[in-house]
Amino acid sequence: VLLVAYVGYVGLGAGVLQALERPAEVRAAQHLLQQHWELLANHTCLQGPALQQLIQGIVQAYKSGITLQGNTTSLGRWDFSGSFFFSISAITTIGYGNLSPSTVAGRVFCILFALFGIPLNLVLLNEIGQLMLLGVQHCARRLEEAFHWQKKASLLIKTCALVTGLLLFLLLPPLLFSDKEGWSYEEGIYYSFITLSTIGFGDYVIGMNPDRTYPGWYKNVISLWILFGMAWLALVIKFCINFLE
């Protein structure tokens, strides 16, 4: 029964996403094809195969973190802050997919780094989650002792913890993303949940816009936000699991 419910739920998601996203995909493909033919028609010196090869080269360079800016190229995804953020996204299993090692040595190191880093990350997240849970339980006991409440104190503290977590990890960070990345508030909430749940599609990633200047503390603060936010969301998901079971 559980397997049938699981497959049915995934099938429902697939059907809804197909209905919502397929028309936009078709429109985007038609627009791209139209731009392709207009470019070839307006610039007769260009040839189809040469243009296709250039496009593939640009796409591959963009995946490697290199973009064209006039007659120069922008670098910076593999500086220390970028590498630090990649390390966080690797051991937290977010894996945005927008950046990956291109050298053999880098790939081998990434395997070894993640092999030991993922367990270390899980242990740390578990400890942070336990500390959060102990804090909630301690506050509940203090309320019970002060006001002689029983079930009310536990429910009140859990509700406050949930609201505080929503503010700190889902509702307030999009304001920072709007300022530093130029995203809308809805895009910021989407990025926050996709990141903290470790889904990590990679369609939105902080600090990757070559046209923007980011402060040095930005990625470090976001790395801490990811760490504590994942611990909080893991507690919420654990509560949902217990409810479903």
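These numbers come from the heavy atoms of this one structure, side chains and all, not from hydrogens, waters or symmetry mates. Residue numbers count from 1 along this sequence.
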[X] atom [atom1]: more than 12 heavy-atom contacts under 6.0 Å:
{"X": "Arg212", "atom1": "CZ", "answer": "yes"}
{"X": "Lys180", "atom1": "NZ", "answer": "yes"}
{"X": "Phe239", "atom1": "CZ", "answer": "no"}
{"X": "Trp37", "atom1": "CH2", "answer": "no"}

Polar side chain donor-acceptor pair, [X] to [Y], under 3.5 angstrom:
{"X": "Tyr96", "Y": "Thr195", "result": "yes"}
{"X": "Tyr218", "Y": "Glu181", "result": "yes"}
{"X": "Gln34", "Y": "Gln30", "result": "no"}

Minimum heavy-atom distance between [X] and [Y], given as atom pair plus value:
{"X": "Lys219", "Y": "Gly82", "answer": "NZ-CA, 3.6 Å"}
{"X": "Val205", "Y": "Gly202", "answer": "CG2-O, 3.7 Å"}
{"X": "Gly106", "Y": "Thr103", "answer": "N-OG1, 3.0 Å"}
{"X": "Gly129", "Y": "Leu235", "answer": "O-CD1, 3.6 Å"}
{"X": "Ile189", "Y": "Leu170", "answer": "CG1-O, 3.8 Å"}

Would you call [X] and [Y] a side-chain contact if the rule is heavy atoms closer than 4.5 Å?
{"X": "Leu176", "Y": "Ile222", "value": "yes"}
{"X": "Tyr214", "Y": "Asn209", "value": "yes"}
{"X": "Leu120", "Y": "Ile91", "value": "no"}
{"X": "Phe201", "Y": "Tyr191", "value": "no"}
{"X": "His138", "Y": "Arg142", "value": "yes"}
{"X": "Glu187", "Y": "Tyr204", "value": "yes"}
{"X": "Ile88", "Y": "Ile94", "value": "no"}

Gap separating the [atom1] atom of [X] from the [atom2] atom of [Y], nearest 0.5 angstrom:
{"X": "Thr92", "Y": "Leu227", "atom1": "OG1", "atom2": "CG", "result": "8.5 Å"}
{"X": "Ile226", "Y": "Ile206", "atom1": "CD1", "atom2": "CD1", "result": "7.0 Å"}
{"X": "Leu17", "Y": "Leu12", "atom1": "CG", "atom2": "CG", "result": "9.0 Å"}
{"X": "Glu25", "Y": "Gln18", "atom1": "CD", "atom2": "CD", "result": "10.0 Å"}
{"X": "Asn121", "Y": "Asn126", "atom1": "CG", "atom2": "CG", "result": "11.0 Å"}
{"X": "Phe85", "Y": "Ser223", "atom1": "CZ", "atom2": "OG", "result": "6.0 Å"}

Keeping the roles fixed (side chain from Asn42, backbone from Glu38), state whether a donor-acceptor pair exists under 3.5 Å.
yes
Checking the side chain of Ser178 only, and the main-chain atoms of Trp183 only, is there a donor and an acceptor separated by less than 3.5 Å?
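Pair found, side chain donor or acceptor close to backbone of Trp183.
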Kindly work out whether a path of hydrophobic side-chain contacts (I/L/V/M/F/W/Y, heavy atoms less than 4.5 Å apart) joins [X] to [Y].
{"X": "Leu196", "Y": "Val163", "value": "yes"}
{"X": "Ile199", "Y": "Val10", "value": "no"}
{"X": "Leu2", "Y": "Phe243", "value": "no"}
{"X": "Met230", "Y": "Ile237", "value": "yes"}
{"X": "Leu134", "Y": "Val123", "value": "no"}

Under the criterion ring pair (Phe, Tyr, Trp, His ring centres under 6.0 Å), which of Phe113, Phe109, Phe80, Trp78 is the partner of Phe86?
Trp78
Before you tell me yes or no, could you show the steps for Phe84 and Asn220 under side-chain contact (heavy atoms from CB on, under 4.5 Å), namely the whole-Å CA-CA distance, both residues' side-chain angles and the distance that decides it to 0.1 Å?
CA-CA 8 Å; Phe84 185 85; Asn220 297 329; 4.1 Å; yes
So which of Leu166, Thr164, Ile128, Leu168 actually passes side-chain contact (heavy atoms from CB on, under 4.5 Å) with Trp232?
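Exactly one pass, corresponding to Leu166.
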Going by the angle between their ring planes, with limits at 30° and 60°, are Phe177 and Trp225 parallel, tilted or perpendicular?
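Perpendicular: the ring planes of Phe177 and Trp225 meet at over 60°.
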